Amino acid sequence: MIDTRNAPSTADLKPALDRFFELTKDKIANLDSEYDESKGSPVFTVEGKYTTRGWTEWTEGFRYGIAILHFDATGDEASLESGRSRTVGKMASHVSHIGVHDHGFNNLSTYGNLRRLMLEGRLPADEWQRHFYELAIKVSGAVQASRWTTHQQGGFIHSFNGPHSLFVDTIRSCRILMEAHRLGHVLMAEGDKPISLLERALRHIESTARYSVFYGEGRDRYDVRGRTAHECVFNTTDGAYRCPNSQQGYTGFTTWTRGQAWACLGFAEELELLEAMDEADFADFGGKAKWEAIMLRGATAVADNFIENTPTDGISYWDQGGPKLHLLGDYLDRPADPFNAHEPVDSSASAITAQGLLRLGRYLRAKGDSDAAQRYEKAGLVTARSIYSEPYLSTDPGHHGLILHSIYHQPNGWDHQPDPGKAAYGESSMWGDYHAMELAVYLQRLIEDKPYLTFWTDNSNSQ
C-alpha cells in the first residue's frame, strides 16, 4: 500500500522537477538527431535507444508533445520548434486516422497543447494558426466519434481490435470529442444527421464505468472494488455484453495497471471539465448530477484500489495479478523493485495515475471533502517523488528515455530484457515519458501559481 505518512509537499518536488526539465532538453535533441524517421513512430527503447513496434501508430503525438510541453515548462525555443514543426509536418494522418481509438492521445498532445499555449499568451496570437489547430481538433473528434458500436445499454468507441471491443484506455481519448464539442463541432452522418460529440463521449464514459470498472458488488468471483478490465467484449449482433478480456494484461480477471491508470486519469479529467460546463449542456442527457455520480464513483474506486494494491513508493507492478508476484513475498509493504527476477514494474502506469490522483484530490477539495482529497493528493505526491528520482529518473545522457522501467507488452514479450535472470527493466516508453512530462508541467504550474493545466482551453485560460 502506498505510504503517505511522509508525503512531500508540492513545493518539495521543485528541485526534482527542475532537474527533470534540464535532462529533458538534451534528450529531445538527441532523439531528433539519432532516430531513423523511416522506421515509423518511436515506441519504446531497447538498450536505451528508441525503436518502433508496428501495432498501431499511437505514440507519435507523444513524442512531439513532450517537446511542446518542455517549452511550456522552460521557454526553450528549440524544443518548441522541434514539436511544432513536426506537428505541422507529420501529424495530419493522425487527424483523419479511422483505424484507431487513440485520437485524444495523438492530437491533443500536439495540436491541443499548441492551441492552449497560444490562448495563454505563451505563443504569439495568430488567428489563422489557431484556426489550423482548431480544425485539426474538430476533425479528430468527429473521426474518433465515428468509430462507434451500439450495445444494449448505450454505446462506445471501439478499439482497433474491432467493433466488439471496448478498451479501458479509450476513456482518455474522450477528451478529443469533448474539446471538439466545445469548439462547436458535430459529426455529420447520412442524411445530414448531426451527431452530438458530447453525447458520444458521455455514453463511452458510461460504458467504461459500467463494464470496465468493478465495484465489489458480486459481478463475478473476481469482483474487487476498483479493479479494471483492459478489454470488454460485446456480441455485435444483439449488443449483449459477453466478458472481460485483456490484450496487454495477464488476464481479463486481473488488473493491468496501465489500464487502471487510464481510467484514474480519464475520470478525474472529465470530472474537472464537468465543473466548467453549463448545466444546459446536459439537459438532453439526464443532467450534470447524473454524470458526476457516474464519473466520481469510477474515479474513487480505481484510485482507492491503486493506493491499496501498489507498493509503498507508488510504483506499480505491471499487473496486480502477475503470476509470479507471490514469489516477491510482501511486495506491497516495501518500495517496488524494478530489478527483481519475477515480474516487471511499470513506471508509466504510475506516472499516469499520479496525475489522476492529484486531479481527483483537487476536485474533491473544491467539493469540501478534504479528508479524501488529502489521501489522493498525498498518494499522488509520493508517486511523483519516486518518478522523478533514481532509479526511475533517466540520468544517463546517452539514454533516449526520460523515465525508466516502463513496460509495453509483457504477454507478447516485446520488452527488452537485458538480464535473462531478471524481469524486463531499464527501458522507457513514449507514453511513459510524455505523461511524466505532463505531470511535471502540471506540478510546476501548481508550485509557481500559473494557470491550471487542463486538456480543454478557452479564453478564460489566458494570462
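Every value quoted in this text rests on a predicted model; they were computed, and no experiment measured them.
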Would you check, one step at a time, whether the test side-chain contact (heavy atoms from CB on, under 4.5 Å) holds for Asp346 with Ser406? CA-CA 5 Å; Asp346 187 1; Ser406 177; 3.6 Å; yes
For Tyr222, look at atom OH and say whether over 12 heavy atoms of other residues, nucleotides or ligands are found less than 6.0 Å away. no
Answer yes or no: is there an ion pair linking Glu427 with Arg53, defined by an N-O contact shorter than 4.0 Å? no
Less than 4.0 angstrom from a charged side-chain N to a carboxylate O is my criterion; do Lys14 and Asp18 meet it? yes
Could you label the plane-to-plane angle of the His405 and Tyr392 rings as parallel, tilted or perpendicular, counting under 30° as parallel and over 60° as perpendicular? perpendicular
Is there a side-chain contact between Phe156 and Thr170, using heavy atoms and a 4.5 Å cut-off? no
From CG (Asp333) to OG1 (Thr312), nearest 0.5 Å: 8.0 Å
Taking Ser350 for its side chain and Ser316 for its backbone only, find out whether a donor-acceptor pair lies under 3.5 Å. yes
Establish, from distance only, whether the side-chain atoms of Tyr331 and Glu343 form a donor-acceptor pair under 3.5 Å. no
Less than 4.5 Å apart, side chain to side chain, heavy atoms only: is that true for Ile68 and Ser79? no
Whether Phe62 and Phe105 hold their rings parallel, tilted or perpendicular, with breakpoints at 30° and 60°: tilted
Tell me, do Leu328 and Asp337 make a side-chain contact under 4.5 Å, heavy atoms counted? no
So Trp291 and Ile205, side-chain contact (heavy atoms from CB on, under 4.5 Å) or not? Walk me through it. CA-CA 9 Å; Trp291 298 101; Ile205 292 167; 5.6 Å; no
Quick one: does any side-chain atom of Thr10 pair with a main-chain N or O of Ile447 as donor and acceptor, under 3.5 Å? no
Hey, does Leu166 have a side-chain heavy atom less than 4.5 Å from the side chain of His204? yes
Could you state the interatomic distance from OH (Tyr133) to CG (Leu117), rounded to the nearest 0.5 Å? 9.0 Å
Set out, in order, the CA-CA distance, both residues' side-chain angles and the distance that settles salt bridge (charged side-chain N to carboxylate O under 4.0 Å, His left out) for Arg365 and Glu377, then state yes or no. CA-CA 10 Å; Arg365 188 172 296 283; Glu377 289 167 348; 2.6 Å; yes
Do Met178 and Leu202 have side-chain heavy atoms sitting under 4.5 Å apart? yes
Main chain of Leu402, side chain of Asp433: is a donor-acceptor contact present, judged purely on distance under 3.5 Å? yes
Could Arg297 and Tyr215 be counted as a cation-pi pair, given that NZ or CZ must be under 6.0 Å from the ring centre and within 45° of the axis? yes
Going through the distances and angles, do Leu381 and Leu443 end up as a side-chain contact (heavy atoms from CB on, under 4.5 Å)? CA-CA 9 Å; Leu381 291 168; Leu443 289 165; 4.1 Å; yes
Establish, from distance only, whether the side-chain atoms of Ser82 and Asp32 form a donor-acceptor pair under 3.5 Å. yes
Derivation and outcome, side chain to side chain donor-acceptor pair (under 3.5 Å), residues Tyr363 and Glu292: CA-CA 11 Å; Tyr363 173 85; Glu292 179 183 37; 2.3 Å; yes
Any Leu69 side-chain heavy atom under 4.5 Å of Tyr434 side chain: yes
Quick one: OG on Ser109 to CZ on Arg63, what's the gap to the nearest 0.5 Å? 14.0 Å
Do Glu60 side-chain atoms and Asn106 backbone N/O form a donor-acceptor pair below 3.5 Å? no
Is a side-chain N or O of Arg147 found less than 3.5 angstrom from the main chain of Ile98, in a donor-acceptor match? yes
Between Asp12 and Arg385, does a salt bridge (charged side-chain N to carboxylate O under 4.0 Å, His left out) hold up when you go through it step by step? CA-CA 9 Å; Asp12 288 340; Arg385 178 174 61 192; over 6 Å; no
Could you tell me if the side chain of Phe214 sits less than 4.5 Å from the side chain of Asn305, heavy atoms only? no
Mark yes or no: Arg122 above the aromatic ring of Phe71, with NZ or CZ under 6.0 Å from the six-membered ring centre and no more than 45 degrees from the axis. yes
Is there side-chain contact between Asp3 and Val382, with heavy atoms separated by less than 4.5 Å? no
Test side-chain contact (heavy atoms from CB on, under 4.5 Å) on His230 and Val168 and set out the steps. CA-CA 5 Å; His230 180 198; Val168 70; 4.2 Å; yes
Approximate separation, where rounding is to 0.5 Å, of Leu197 CG and Arg182 CZ: 13.5 Å
Would you confirm whether Ser429, through its side chain, and Tyr408, through its main-chain N or O, come within 3.5 Å as a donor-acceptor pair? no
Can you confirm whether the side chains of Gln144 and Asn107 place a donor and an acceptor under 3.5 Å from each other? no
So, Phe160 versus Phe167, ring centres under 6.0 angstrom or not? yes
When you look at His97 and Trp58, which way does the ring pair (Phe, Tyr, Trp, His ring centres under 6.0 Å) test go after all the steps? CA-CA 10 Å; His97 196 336; Trp58 74 291; over 10 Å; no
Check: Asp313 side chain, Thr383 main-chain N or O, donor-acceptor pair, under 3.5 Å: no
Provide the closest heavy-atom pair for Ser348 versus Gly432 in the form atom of the first, atom of the second, distance. CB-CA, 3.6 Å
Assess the side chains of Glu438 and Tyr442: does a donor N or O sit below 3.5 Å from an acceptor N or O? no
Between the side chains of Thr45 and His400, does any donor sit under 3.5 Å from an acceptor? no
Only one of Thr255, Thr251, Thr254, Thr257 passes side chain to side chain donor-acceptor pair (under 3.5 Å) with Asp319; say which it is. Thr254
Look at the side chain of Ser212 and the backbone N and O of Ala209, then say whether any donor-acceptor pair between them is shorter than 3.5 Å. no
How close do Gly65 and Thr110 get, counting heavy atoms only, and between which atoms? N-CG2, 4.2 Å
Ring centre gap for Phe339 and Tyr425 strictly below 6.0 Å: yes
Above 12 or not: heavy atoms from other molecules or residues under 6.0 Å from CD of Glu22? no
Is a side-chain N or O of Arg359 found less than 3.5 angstrom from the main chain of Glu269, in a donor-acceptor match? no
Sole candidate of Leu265, Leu13, Leu358, Ile403 that passes side chain to side chain contact (heavy atoms under 4.5 Å, CB included) when paired with Leu439: Leu358
Polar side-chain atom of Arg445 near backbone of Pro451 as donor-acceptor pair, under 3.5 Å: yes
Interatomic spacing from CZ in Arg258 to CD1 in Ile407 - rounded to 0.5 Å: 9.0 Å
Any Lys/Arg nitrogen of Glu308 or Arg225 sitting under 4.0 Å from an Asp/Glu carboxylate oxygen of the other? no
Considering only NZ, NE, NH1 and NH2 on the basic side and carboxylate oxygens on the acidic side, decide whether Arg116 and Glu179 come within less than 4.0 Å. no
What distance do Ser173 atom OG and His101 atom NE2 have between them, rounded to the nearest 0.5 Å? 7.5 Å
Can you confirm whether Asp330 is buried at CG, in the sense that more than 12 heavy atoms of other residues, nucleotides or ligands lie under 6.0 Å from that atom? no
